[in-house]
Each structure stands twice: as structure tokens, then as C-alpha cells.
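Here is how names work: the chains are called A, B, and so on, in the same order as the sequence lines, proteins then strands, and each is numbered from 1. Here the structure is a predicted model, which is why all the values come from computation and not from measurement.
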Amino acid sequence: MLDINWIKANPAAFDAALKERKNVPFTASQLIEMDESRRTAIAAVEEAQAKRNALSKQIGQAKAQKDEARAQALMDEVAQLKDAIQAGEATRKEAEDKLRGALAIIPNIPLDEVPRGADESDNVEYFGRNGSPETAAKNRPARPTFSFKPKEHFETGEALGQMDFEVAAKISGSRFVVLKSHLARLERAIGQFMLDLHVDAHGYTEVEPPYLVKDDALYGTNQLPKFEEDLFFVPHGEGRLALIPTAEVPLTNFVRDSILSEDELPLRLTALTPCFRSEAGSAGRDTRGMLRQHQFNKVEMVAITTPEASGEEHEKMLSDAEDVLKQLGLHYRVMMLSTGDMGFGAQKTYDLEAWLPGQDTYREISSVSVCGDFQARRMDARYRDKDGKIRHVHTLNGSGVAVGRALIAVMENYQQEDGSVLVPDALQSYMKGLKSIGARS
RNA sequence: GGAGAGGUGGCAGAGUGGUCGAAUGCACCGCACUCGAAAUGCGGCGUGGGGGCAACUCCACCGGGGGUUCGAAUCCCUCCCUCUCCGCCA
């Protein structure tokens, strides 16, 4: 949620900044007009309320003095205000709802350094603050070479008899997978390894959050009101709960409706959870394999910071995610998303794309975003700074990383010509020392 | 799921229809005393919004929503949550 006062002060910047973002339904002048109506309505109703309060106070005094005649006269007078107040309040609510509803579907303003562009073809490769293609090549795992034609993960998995889409379809339909045996264990190992890494080496607090959340929480992290069709809901009492599409939802909402003190920041949380997405708009995309599923596991990182610290925290979070891929020996690149490719709530997003030799391409395996105070305004998450001033926090979130996609990357990068898959060094202790997953395992 | 009790400021805890945004204590901030600190004394100390250059002023908020009333923290309805007991249960 953007600040209407900021829009009022910077209408041209608002219109210019959101030009590159998709589906921005309002101009600054429209929003400013809504705000004018809102404030007019507030002024009207508050004037009537002030009058009513003053008269009511006099009634109390008159009654205390046993002056019933005067009390009655005042009561008659104030009774006439009642309709005006009720009507005024309705007008006010309508005006406020209209403005809030409009602001709720307006995406965040990209930071200046974000490349302007229409879609992912305008994304720009990123090598770090002081990085270059050379330093990146030196510091990241190299792209593997193969003496045979590498297979896609589902070919390998099905040949191993440990990845089963048919059984999954029987049980749950399309976009589900069943993992078995050592591949199931490898999936578990990857998740445990990543979670441990963020907790032990990167300073995050491990969290086991609820997987079912309320609409309010979804609103706070931007899934509602605009992206309802991407979610799974279950009925609950008179209402409903949603299955989390990402642990970002429960973790970020930790700070909803609260005023933190500055020395509690930064707050760094991580969780390994299943994620549930209906993938409503992606019919026909990535239908083969387990790249795009209705359910997958993911390790999520969330950070809550001061406005001053969020930029640096974003770089840290990126490097925390990169560390996972480095330790797993997976070749990757980092893309800074263009304005047209960024998510709704982001000010700036880095995507980590792992090299998938079976697909002969890079695929997104992590997305790390800084949201500024956009979510904080929606959640009313604030902190008291050193001078006692209350300000909105900044929020960041990033995958660290998607477990299912990491499994794909491991399977494709560590595959052998005989169809077996080597276990990366970092995972062997999680696999009881197992070094290779073969057909007989 | 049933019965009962409760939800008030950072915390504890008064307040059952009018001058209550709310006593008191703790915590916190400033000042005085002190070499310094403690103790003590004095003062300050909620959030959001409207108006105003400002001083300031008005409105709303006592779990959420709705209602009664000239007037609601206080009365009524409803929902949520917490606690105790019972039932069920991984």
C-alpha cells in the first residue's frame, strides 16, 4: 500500500514510476481526488460530532443541576444532529473504502536502479554491488560439462523408479508428484540442509509457522485482494482459511499491528514449509516434471528492518540464498528483474536462476525482494526509532531456496551417464553418507 | 463441542451511563539533589486521523463488528481470543 500523502506530494513521479508496471488502474490525480472527497467527508462528520459532544456535555451539567427544562431543550437540539451524523458517517466510510480499495490494488514503486522494461527479456544480469562477470565466474560454481546428452529431471527420476507422476495423479490429479526412497530422502535432506545453513550461519531464527492463514494476513503480504485465484482455501466455521502459498505470509505477519523498538531490528526469520498454489493462470506451462506444482516445499527467509538498513539487508539476503547454491555446487546466475517482471509488492527483486543442463537453460530457483514500507503499511507494522519517532518498518523476503526446484537442479547437474545421481558433498551427512542414488537404491 | 470467568495504555491494574483517553503502581524520559550512582522530589509520558505556518484544536479508538441513548470503557447483540472445568483427540 502506497502512502497517499506521498502520491499527493509526487504525482508526476507516481505516474511515471508506475507506467512500466502492468495493470495500474489509477492515475495520481484520480487518487488525489478520492482523497479530497474523503477529507471533505471527514470534516463534515467531525464538525457535527463536535457539536453533539459539546451539547451532550451541557446536558450532563444541566441534569447535574436538576435543570430539567434546560436539559430537555438541549436534547431536542442535539437530536436534530443525529441524522446528519449518521449520513455523514456513511459518506465518510464510503469515501475511505473507495480510496483504500484503490490503493490496495496499486503495485509498489520500483527503486531507481531497477531496469525499466516490459517483461523478463528486459531483466539485467546482476553480479553484486562491486561485482563483475569475472568476479561472478570466479566465486560461483562453474557450469558442468557432460560427455553425454544430459536428461531432464523427470526422465532420470522416473527411470530410477523414485519419482512418480502417475500415482500422484491417481491420488490428487495433475501438478502433484510422489517421491520415493532415496529421492524422497534427498528432498528432505535439501530442505534440512538449507534451513540449518540459514539458522547456523546466516543469523535467522527458525520458525515453524501455521500453514493455514486468515484473509487479514494475506492482505498484509499482498496476496489479497488482487491474487485470490492463486490460492487454495478451506472452509472454516463461517469463514475460510487459506493454505499458505509461501511462508512469507505467516513470517512477515509476525509484526502486524505492532510497534517494535529499534533494537529488536533487524528481525530475521526462516522456515521450511510446504507451499500451495493453484497455478490458475499457468495452464499449459511447465506441465512436465515437478517444476510447477500445486504443492512444494520451500525454505523462506524474511527480514524486518529499518528503512535505512533495507538496501543492505537485501544484498545480504541475496548472498544468503546464493550461499545455498554455492554449497550445493550448483551453477547459477542472478537477474535483477525489470519493472515489468517484478511482483506486485516489490521495490526491487533479484532472481536466482540455476542452470538446468537437461533443459539447457537457467530456471528460477529463488526470488529475493525488498518491499520497502509497502507491506508494513498494509499490516500496520511500525517501530519506534532512537528519537522516539514511530515509522513503518521495511520488509524483505526471499526463497532460500525452493526445495523442489533445488532437487531438480541437483538431479540434472549431478546426473551420471548410467542414470544415477551423485549426492552433493554438503548433503551426504543428511543422507547417512550415501554418495550416489542409483537404480537399485 | 459444552459450562463458567475474563479481554482496559509498554506491563500490572482501577473504573457499571455524563467533566473518563481513562485512577494508581511499575517501566521509560527530563529536571533537581549527588563527585557519580542509588534513593527521594518535581514534571512528562498512548495510537490514528481532520484543521492550522505555528501555538494549538477537533474527531475516533478501552479485543473486532453492530445496536440502544442527547451521551457508552460502562447497557444489549454478535464474532474472535485467553483462562478454568468437562467431553473428544494426534
Inset, instruction - Taking the six-membered ring for Trp and the full ring for Phe, Tyr or His, determine whether the centres of A/Phe227 and A/Phe344 are under 6.0 Å apart. - result: yes
Legend entry - Pi-cation contact, A/Tyr219 with A/Arg378 (under 6.0 Å, within 45°): yes
Inset, instruction - Can you tell me the pairing partner of B/C61 across any strand shown, Watson-Crick or G-U wobble, with both distances under 3.5 angstrom? - result: B/G46
Legend entry - Under 3.5 Å on both distances, the Watson-Crick or G-U partner of B/G17: none
Inset, instruction - May I ask which nucleotide in the shown strands pairs with B/C53, Watson-Crick or G-U wobble, both distances under 3.5 Å? - result: none
Inset, instruction - Identify whether any heavy atom of A/Ile42 sits under 4.0 Å from a base atom; if not, whether one sits that close to sugar-phosphate; answer base, sugar-phosphate or nothing. - result: sugar-phosphate
Legend entry - is_close_aromatic(A/Phe374, A/His394), centroid dist under 6.0 Å: no
Inset, instruction - Could you check whether A/Lys63 gets within reach of a base, just the sugar-phosphate, or nothing at all, counting any heavy atom under 4.0 Å? - result: base
Legend entry - Set of residues satisfying salt bridge (Lys or Arg N to Asp or Glu O under 4.0 Å) with respect to A/Glu20, sequence neighbours excluded: none
Legend entry - Base partner of B/A5, which must satisfy Watson-Crick or wobble distances under 3.5 Å: B/U82
Inset, instruction - Determine which nucleotide pairs with B/U40, using a 3.5 Å limit on both distances of a Watson-Crick or G-U wobble pair. - result: B/A32
Inset, instruction - Confirm from the modelled atom types if A/Glu46 and B/G49 form a donor-acceptor pair under 3.5 Å, side chain to base only. - result: yes
Inset, instruction - Looking at every strand, decide which applies to A/Ala50 at a 4.0 Å heavy-atom threshold: base, sugar-phosphate, or nothing. - result: sugar-phosphate
Inset, instruction - Measure from CD on A/Gln61 to P on B/G18 and round the result to the nearest Å. - result: 14 Å
Inset, instruction - For nucleotides B/G65 and B/C80, find the distance between their C1' atoms and express it as a whole number of Å. - result: 10 Å
Legend entry - Touch class at under 4.0 angstrom, heavy-atom based, for A/Ile390 against every strand present: sugar-phosphate
Inset, instruction - Take nucleotides 7-12 of chain B nucleotide by nucleotide from the 5' end and write B, S or -, depending on whether a protein heavy atom sits under 4.0 Å from the base, only from the sugar-phosphate, or from neither. - result: ------
